[in-house]
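Here is the structure we will look at, set down as structure tokens.
Quick caveat: nothing in here was measured; it's all calculated off a predicted structure. Each ligand, and each atom within it, is numbered from 1 in the order the structure gives. Numbers here simply count residues along the sequence, with the first being 1.
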Amino acid sequence: MENDFREVLKIVKSYNDNKLALDLIKKAWKFAKLAHTGQKRYSGEPYVIHELETAKILTSWKLDTDTIVAGFLHDVVEDGAADLSDIKKEFGEEVARLVDGVTKVSHIKLKKQEIEEEYIENLRKMFLAMAKDLRVVLVKLADRLHNMRTLSYVPKDRQEKIALETLEIYAPLSERLGMGQVSSELEDLAFPYVFPSEYVRVKKGATIYYKKAEENIRKMKRSLLKALSSEGIEAKIDGRKKSFYSLWKKLERLGIEWNFGKIYDIVALRILVKTVTECYTALGVVHRSFKLVPHFGISDFIAQPKPNGYQSIHTRVFGPRGKITEVQIRTFDMHEQAEHGVAAHWAYSDAKRKAVINDQELDKRGVTASEEKLSWIKQLAEWQKEISDSKEFLQAVKFDALRERIFVFSPRGDVFDLPVGSTPIDFAYALHSDLGDYLKAAKADGKIIPLNYKLKSGQVVEILKSKEKRSPNHDWLEFVVTTQARREIGKALRKTDVDRK
Ligand code: MN
């Protein structure tokens, strides 16, 4: 146990060699051990191992000292022998606030097919806490990650519930926070408990494909490394396996019908380089070494990042024996951001504050640290004040905030992030709350589309306005999916009803 703790200290030292910080972390470890004396996990291990592992995950995201200390202390109030005033006295206001936040959001209970007031109230608390200080949720995610890693020890009758809650709330939440590594690990840990037979089927089918694809990747890697180094580029190349859960979701999609051969990114080749300029040079090298697959196109998420901040260039080429293979190119820093998302954002702003790194350097490496991307969290916190009906709030969270996303562009090239199934009407209300009142027709990629059309990722959507204000149509409520649109339409309709009376 003490060895594991020294390991945590070593990781912290690698990015923050401040004696005061290290002393505070040592103190937190001692405090946690005392507060959890005699308590055990289901695995039979001392309870405090869980605090240690939670803190370790937070250090791997390079978070600041207060957050790591809060990781060590996150259960001492709830399950241990200490209270908030002790924490405030020993570790200060900030740490106490974080621990309090985590304690308050720790009781999210989920009953299948059943809406519990208590559950929704806790979700409300979580989003409110998140809007105030994101680090609360980062501690919560680290806590959940370790609990999922040790789920096999939990009594059988509770496993499925915990796993389901992970799939419905925590995995999509981390996905929306841009934390790709966490969301796919959470999904893969929960998958076998929630959908056991599907899991077995995917695993069996994928194993064969992984093996074949890996062989291809090895060959491509060798020739690409050589070609890149002759351009003077020092690159790191990895094969990235698609996680079982996301593979399953893709296999279930229309037109694929469980044909593994139709999924081209089961294993993708990932090229990591130092600068943005090198990314584009590397793209040229890839296309000279392997033939580009026509019509699939190149996706340049560096020039146009995804709404959750994801940056990378994706292209598809014919690999050895004509096998179509996806190649992803990004800088090391973009990779860090894609894996750790908001957490990486925190780490970079911390480094900037301490003048370890400056803006030019961040720019060269392709780091975009923008708070704007998280506007949906603030939006949700706003709603939670406005929406008094619990069912409506739950719907806003599950079908709006945590649903799978598409992203579409305005004619000016601004990117908008909407839930899957969104229509031009949803887009109009996302653009501007009044725009729906002038909505006449809509175009996607230059062609007129019906108003109930389901938009697809990558489309450029244009709203055609009428000169005069008109009232939204009641039928729109049948097919809009965003809370924003539903609320604005409702408001406008209630108003016209009043006007008529
Ligand atoms: Mn915990």
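- Salt-bridge check for Asp238 with Arg240: failed, with every basic side-chain N at 4.0 Å or more from each acidic carboxylate O.
- Note on the Mn ion (ligand 1): protein N/O/S atoms under 2.8 Å are His50 NE2, His74 NE2, Asp75 OD2, Asp143 OD1.
- Using a 4.0 Å cut-off between charged nitrogen and carboxylate oxygen, Lys140 and Asp143 count as a salt-bridge pair.
- The pair Lys30-Glu90 does not meet the salt-bridge criterion, since no charged nitrogen lies less than 4.0 angstrom from a carboxylate oxygen.
- Side-chain polar atoms of Asp333 and Thr331 form no donor-acceptor pair below 3.5 angstrom.
- Inspection of the Ser43 and Glu45 side chains reveals an N or O donor paired with an N or O acceptor under 3.5 Å.
- Using a cutoff of 4.0 Å between basic side-chain nitrogens and carboxylate oxygens, Lys491 and Glu488 are scored as salt-bridged.
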